[in-house]
Undergrad: 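Handing you a structure now.
Start at 1 and go down the list; that is how both ligands and their atoms are numbered. Counting begins at 1 with the first residue of the sequence. Not measured: the values here are computed from a predicted model.
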Amino acid sequence: MNLGLNIAQKIIKEHLLSGEMIPGKEISIRIDQTLTQDSTGTMAYLQFEAIGIPRVKTKKSVAYIDHNTLQTGFENADDHKYIQTVASKYGIYFSKPGNGICHQVHLERFGVPGMTLLGSDSHTPTCGGLGMLAIGAGGLDVAVAMGGGPYYLSMPKICKVNLKGSLKPWVSAKDVILELLRLLTVKGGVGKIIEYGGEGVKTLSVPERATITNMGAELGATASIFPSDEITRQFLKAQGREQDWVELCADADAVYDEVIDIDLSSLEPLAAMPHSPDNVAKVKDIGKIKVDQVAIGSCTNSSYTDMMKVAAILKGKTVHPDVSLVIAPGSKQVLNMLAQNGALADMIAAGARILESACGPCIGMGQSPATNAVSLRTFNRNFEGRSGTVSAKVYLVSPEVAAASALAGFLTDPRELGDAPVVEMPDKFLINDNLIIPPAEDGSKVEVVRGPNIKPFPVNKPLEDNVKGKALIKVGDNITTDHIMPSNAKLLPFRSNVPYLAEFCLTPCDPDFPKRAKENGGGFIIGGVNYGQGSSREHAALAPLQLGVKGVIAKSFARIHMANLINSGIIPMVFEDEKDYDLIDINDELVVENARQQIITGNELIIKNITKDMAFKVKVLLSERQVNMILAGGLLNYTRENG
Ligand code: MIC
Ligand code: SF4
């Protein structure tokens, strides 16, 4: 390898298909592995089928069922059948419901240091804990990658987080990433890869590293990555996959765009308070607030070691009478090991409600808290309403804080409990892949089963010359995809039915938005800073498309959502002067004249506000390829036109 490269640059260089590795410039890379989960997967596979390639061209592609496992009607079960049959036909491994959360299972069974992974879920960077360049994207991008196509992204800046020291007892990997969120905020990682280094790295196990890389998604980062070292090798060996190990570290003279120092030994137990993962404070400073629910699990904190710590804290005790404690071990491997060594019995005896190994409460699939309840969760997102209860106050904490608080009935700094449990990494994990179904050898014989809930998805038309419409809604900063396309137990079953979902688009911000959009034949969305942060769900672009939205004018965009808008042929526009945001009112009539010509000739558009008789400028920060996608009316049309 060349001298002077950091880990991220080394992997990108090895996978580079086009472009130069200059921050901000568009590059494309080869994708080795893909993953999908069921709530984005149905759409991704419908799109893969629309592209028309007979067999995936990746080294490994895996389809997980982990989000929509609450089968309250035929819809989810139908989607599972569709995904199972489509996976078998096209050469994709199928991880059955019950096998676990995609990121946890991928880390255990499939992730390979030095490879690239593209997943239709924003927490795909979890596998960065193994030294993999793992990126979350919209389903259509994943579909293209499955077909062997390049993945385009803008070359990120590489930010080094230099770790020194080691964590004190009761302080957890979760506190490391919460500290980074406190420092950088939910938009601090946009356009960056966060690369961990320094002496402190070797004090962290792979699952701890994965907790940290997982929540890099909350920073808005493109990816997060750790070196692949002796600890990685031990982990892979314990998973029976030592042959997948390669060493990966930054060159001694590697250069970074930014460096942040974190002294692990200075950290204390932290919590992200409602309603944002960056609203972080010390547990001891928040004080002993009364707790109604504690939920332990999710792709952030559901590893074997996390669960063993929780079991040790609960052992021989009883959950507080006013607290409902739910625990979802992250994978069948974890659950089975807990069952075999008795830790599961300790949890059950203490009064924990054991949930299946799936996303569950993290995405509002059950366990919504009571009205005004305080819910402590070891998860990664606490956006308002995401739990399924709008008035609930969700705090994000480590498993240690969660378990200690479940016993006490109030938010508890676990350091009050005395000696911290010591949990060793196992020499050997329990390996049994019987819930992972390999694809059919001959896909042509497999019939894809499509239930009645699977509806055709909307496809845009080529860009019009005059893009005209009303400002249909005006929202503030940091609007999440949970606002744009809410997800909960009632809506998730309709992820393969965009026309139905569209009726709920942006309703947390304005219940009349879908009606207004339809009555006006579409128009524009006006947004603030970091519009579209959070999930990779392309439904947050497809639902607006279904309602006729032509463009989003915002102060800035989150990475995956902006890519999803472009893929759908919706123009993402950034105010040149943020003050113009204040001058637009809802229902103002806007027009981009000669839009096709304007978008071809420059990265600036003039928008006329007919109602206010004024004009303002917006930037369209698009590569030539993206301009062509907008002209064609989205990636599918563009791919069809260009083969
Ligand atoms: C999430 O955590 O928000 C999800 C649910 O996993 C999403 C995917 C989805 O919306 O289906 C994500 O993070 O991409
Ligand atoms: Fe599942 Fe929650 Fe992780 Fe999303 S963040 S993949 S919903 S566990």
Undergrad: Do Asn214 and His103 meet the criterion of a side-chain donor-acceptor pair at a distance under 3.5 Å?
TA: no
Undergrad: Identify all pairs of nitrogen or oxygen atoms, one from ligand 1 and one from the protein, separated by less than 3.5 Å, and list them with distances.
TA:
| unit_1 | atom_1 | unit_2 | atom_2 | d |
| --- | --- | --- | --- | --- |
| ligand 1 | 2 (O) | Arg381 | NH1 | 3.2 |
| ligand 1 | 2 (O) | Arg386 | NH2 | 2.8 |
| ligand 1 | 3 (O) | Arg381 | NH1 | 2.9 |
| ligand 1 | 3 (O) | Arg386 | NH1 | 2.8 |
| ligand 1 | 3 (O) | Arg386 | NH2 | 3.4 |
| ligand 1 | 3 (O) | Arg537 | NH2 | 3.1 |
| ligand 1 | 6 (O) | His67 | NE2 | 2.8 |
| ligand 1 | 6 (O) | Asp121 | OD2 | 2.7 |
| ligand 1 | 10 (O) | Arg495 | NH1 | 3.4 |
| ligand 1 | 10 (O) | Arg495 | NH2 | 3.1 |
| ligand 1 | 10 (O) | Ser535 | OG | 2.9 |
| ligand 1 | 10 (O) | Arg537 | NE | 2.5 |
| ligand 1 | 10 (O) | Arg537 | NH2 | 3.2 |
| ligand 1 | 11 (O) | Gln37 | NE2 | 3.3 |
| ligand 1 | 11 (O) | Ser39 | OG | 2.3 |
| ligand 1 | 11 (O) | Arg495 | NH1 | 2.8 |
| ligand 1 | 13 (O) | Ser122 | N | 3.4 |
| ligand 1 | 13 (O) | Ser122 | OG | 2.5 |
| ligand 1 | 13 (O) | Arg381 | NH1 | 3.0 |
| ligand 1 | 14 (O) | Ser122 | N | 2.8 |
| ligand 1 | 14 (O) | Ser122 | OG | 3.4 |
| ligand 1 | 14 (O) | Ser535 | OG | 3.4 |
| ligand 1 | 14 (O) | Ser536 | N | 2.7 |
| ligand 1 | 14 (O) | Ser536 | OG | 2.9 |

Undergrad: In sequence, state the C-alpha distance, the side-chain angles, and the governing distance for Asp433 and Arg109, and then conclude on salt bridge (Lys or Arg N to Asp or Glu O under 4.0 Å).
TA: CA-CA 8 Å; Asp433 289 331; Arg109 307 304 306 140; 2.9 Å; yes
Undergrad: For the residue pair Ser39 and Gln37, confirm or rule out a side-chain donor-acceptor distance under 3.5 Å.
TA: yes
Undergrad: For residues Ser120 and Thr40, is any side-chain donor paired with an opposing acceptor at under 3.5 Å?
TA: yes
Undergrad: Among protein atoms, how many N/O/S atoms lie less than 2.8 Å from atom 3 (Fe) of ligand 2?
TA: 1
Undergrad: Testing Asp477, Asp278, Val529 for side-chain contact (heavy atoms from CB on, under 4.5 Å) with Lys187, which one passes?
TA: Val529
Undergrad: Using the ring centroid of each side chain, check whether Tyr90 and Phe48 are separated by less than 6.0 Å.
TA: yes
Undergrad: Can you list the ligand 2 atoms lying under 4.0 Å from a non-hydrogen atom of His67?
TA: 1 (Fe), 4 (Fe), 6 (S), 7 (S)
Undergrad: Verify whether one side chain among His106 and Tyr64 offers a donor that lies under 3.5 Å from an acceptor in the other.
TA: yes
Undergrad: Side chains of Ser487 and Arg495: is there a donor and an acceptor less than 3.5 Å apart?
TA: yes
Undergrad: Looking only at side chains, do Tyr45 and Thr36 share a donor and an acceptor under 3.5 Å apart?
TA: yes
Undergrad: Counting C-beta onward and ignoring hydrogens, is there a side-chain heavy-atom pair between Cys505 and Pro544 closer than 4.5 Å?
TA: yes
